[in-house]
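Before any comments, here is the structure.
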Amino acid sequence: MTANVSSIPPASPSPSPLHAVVADDFEAVNRTIVAQLNSKVPLVETIGQYIIESGGKRLRPLLVLLAARSLGYEGDKHITLATLIEFMHTSTLLHDDVVDESHMRRGKKTANDAWGNAPSVLVGDFLYSRSFQMMVDVGSMRIMAILSGATCVIAEGEVLQLTNIGNPSISEADYFETIQGKTAMLFEAASHSGAVLAKATPEQERALQHYGRYLGLAFQLIDDLLDYQGDAEAMGKNVGDDLAEGKPTLPLIHAMERGTPEQAKLIRQVIRKGGLEQLDDVLAIIHDTGALAYTRARAEEMADKALAELDSLPPSPYRDSMAQLARLAVDRQA
């Protein structure tokens with residue numbers, strides 16, 4: 001139930017080139033994260049810092065900053081908004097790792113593995129609660145409506161994924177409904193709320209909302225692809241983790257649709273059972289049916305849609321960074 005606190009990284013993750021255009025804002029977000037983690041309960045701060053400092057890219061808060069700045073926002077509430085989005089995301093990670101019984105994330109022990117399930121769930125609850133306190137500080141009922149609605153969609157997406165574990169009969173449409181909720185919704189809420197904060201025109205607001213949605217879908221599609229061809233060390237998790245948990249992601253769904261009856265039967269059996277005993281057989285079927293190429297093509301389709309939405313924005317370095325982010329979504333290896 002305890003962990004070595006000295007193992008907690010003392011500094012925030014180094015910003016990537018994508019963050020350069022909002023470097024000062026990003027550092028302000030990092031400072032605000034530390035300040036808002038303050039609690040009279042030491043374990044809250046310890047676990048919160050541990051998970052937040054675990055090496056994530058902080059793409060969702062980055063979306064807030066880029067969206068707001070791309071439309072000329074000059075205030076400072078985008079810092080609070082970006083921070084609370086990161087807290088919402090971190091809370092879902094804590095809860096997900098408990099539900100999935102995960103032991104590793106980004107190459108480190110999960111919080112539930114280090115401290116136990118109960119503290120992880122409760123600190124996740126704290127971060128969600130703190131994010132709603134910060135929504136009040138932002139002072140926009142429209143933003144509060146967007147984000148509170150997003151939390152419901154995200155929760156539904158997580159429940160939908162849970163109910164689909166071990167179910168080989170879900171369709172591609174079912175799969176997209178799941179990842180729209182559990183992943184793409186927070187990307188969408190981040191860019192959408194940043195646009196609202198900057199008082200976007202209706203066209204710009206809609207464009208940034210859809211940009212975030214398509215970007216989130218592209219990221220999740222590549223995540224699901226990398227589960228079958230990624231580098232375990234780079235990803236910080238083992239290849240085949242989704243298969244071990246019985247998650248019917250798009251590579252498996254496509255392989256079942258395009259494979260022979262015998263191949264489809266084997267994958268159905270593996271999804272129902274879980275585990276990695278037949279990983280090599282499944283990988284061979286995925287290769288034979290072109291399932292990874294198909295998944296990548298769908299991810300590229302989503303990234304292209306995200307890029308198209310940026311046409312509604314005025315030219316700026318911030319828009320350029322959002323375009324680069326869409327390309328990164330499908331080019332990354334982890």
Side-chain angles (χ1 to χ4, degrees), residues 51 54-56 92-117 120-121 124 154 157-172 174-179 181-183 219-259 262-296 298-299 332-334:
I51 185 68
S54 291
T92 66
L93 297 184
L94 284 163
H95 290 164
D96 287 353
D97 285 341
V98 171
V99 171
D100 294 340
E101 300 179 358
S102 299
H103 300 289
M104 296 290 291
R105 178 179 286 277
R106 299 168 183 156
K108 292 179 55 178
K109 278 187 173 184
T110 56
N112 52 294
D113 193 68
W115 284 275
N117 287 341
S120 294
V121 170
I154 292 166
E158 293 291 352
V159 173
L160 190 58
Q161 176 176 262
L162 182 64
T163 59
N164 285 334
I165 288 177
N167 176 14
S169 300
I170 75 165
S171 66
E172 186 171 318
D174 296 330
Y175 164 81
F176 272 96
E177 180 183 2
T178 299
I179 67 170
K182 82 180 194 70
T183 300
F219 260 89
Q220 187 59 54
L221 283 158
I222 294 298
D223 273 354
D224 293 345
L225 179 154
L226 290 174
D227 194 63
Y228 293 99
Q229 73 168 29
D231 180 277
E233 184 176 349
M235 293 189 297
K237 66 174 189 173
N238 295 319
V239 173
D241 274 357
D242 288 347
L243 184 67
E245 296 171 17
K247 292 180 180 177
T249 56
L250 188 58
L252 296 182
I253 293 169
H254 185 77
M256 286 187 289
E257 289 179 351
R258 293 300 180 93
E262 292 77 15
Q263 289 175 324
K265 180 180 179 181
L266 186 147
I267 292 179
R268 284 196 297 270
Q269 290 172 342
V270 173
I271 290 173
R272 291 192 185 101
K273 181 182 177 182
L276 295 174
E277 292 83 0
Q278 293 180 283
L279 175 60
D280 289 343
D281 293 331
V282 171
L283 289 175
I285 296 169
I286 286 174
H287 176 76
D288 289 346
T289 57
L292 295 184
Y294 177 76
T295 301
R296 180 171 293 280
R298 293 307 310 270
R332 63 201 174 92
Q333 297 300 314

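Gln263 CD to Arg258 CZ: the interatomic distance, rounded to the nearest 0.5 Å, is 13.0 Å. To the nearest 0.5 Å, atom CG of residue Asn112 and atom CG of residue Leu93 are 11.0 Å apart. Rounded to the nearest 0.5 Å, atoms CG (Asn167) and CG (Leu162) are 12.0 Å apart. Distance check, rounded to the nearest 0.5 Å: OG1 of Thr295 to CG of Leu225 gives 5.5 Å. Here the straight-line distance linking atom NE2 of His287 with atom CD of Gln229 works out to 11.0 Å at 0.5 Å rounding. Interatomic distance, His254 NE2 to Tyr175 OH, rounded to the nearest 0.5 Å: 13.0 Å.
The shortest side-chain heavy-atom distance between Ile154 and Lys182 does not fall under the 4.5 Å cut-off. Residues Asp96 and Glu158 have side chains in contact (heavy-atom distance under 4.5 Å, counting atoms from C-beta outward). Inter-residue side-chain proximity for Tyr228 and Leu243 is flagged as met; some heavy-atom pair is nearer than 4.5 Å. Looking at Ile51 and Leu94, their side chains come closer than 4.5 Å, going by heavy atoms from C-beta outward. Residues Arg296 and Leu292 are not in side-chain contact: their nearest non-hydrogen atoms beyond the backbone lie 4.5 Å or more apart. Contact of the Asp223 side chain with the Arg332 side chain is registered, since non-hydrogen atoms from C-beta on lie closer than 4.5 Å.
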Kindly list each side-chain donor-acceptor pair under 3.5 angstrom involving residues 264-284, sequence neighbours excluded, with atom names and distances?
none

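Using modelled atom types, no side-chain atom of Asp224 and backbone atom of Pro251 make a donor-acceptor pair closer than 3.5 Å. Without hydrogens or angle criteria, Asp227 side chain to Asp242 main chain gives a donor-acceptor distance under 3.5 Å. The closest donor-acceptor contact from the side chain of Asp174 to the backbone of Ser171 lies under 3.5 Å.
For Phe176, there are no ring pair (Phe, Tyr, Trp, His ring centres under 6.0 Å) partners two or more places apart in sequence or in a different chain.
The minimum heavy-atom distance between Glu172 and Ile253, with the atom names listed, is N-CG2, 4.0 Å.
Side-chain atoms of Asn117 and Ser120 form no donor-acceptor pair, as typed in the model, at a separation below 3.5 Å. Defined by atom type and a distance below 3.5 Å, a donor-acceptor pair is missing between the side-chain atoms of Glu257 and Tyr294.
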Passes side chain to side chain contact (heavy atoms under 4.5 Å, CB included), Ile179 versus Phe219? Steps please.
CA-CA 10 Å; Ile179 67 170; Phe219 260 89; over 6 Å; no
For a side chain to side chain contact (heavy atoms under 4.5 Å, CB included) check, start with the C-alpha distance between Val159 and Thr163, then their side-chain angles and the critical distance, and finish with the verdict.
CA-CA 6 Å; Val159 173; Thr163 59; 4.3 Å; yes
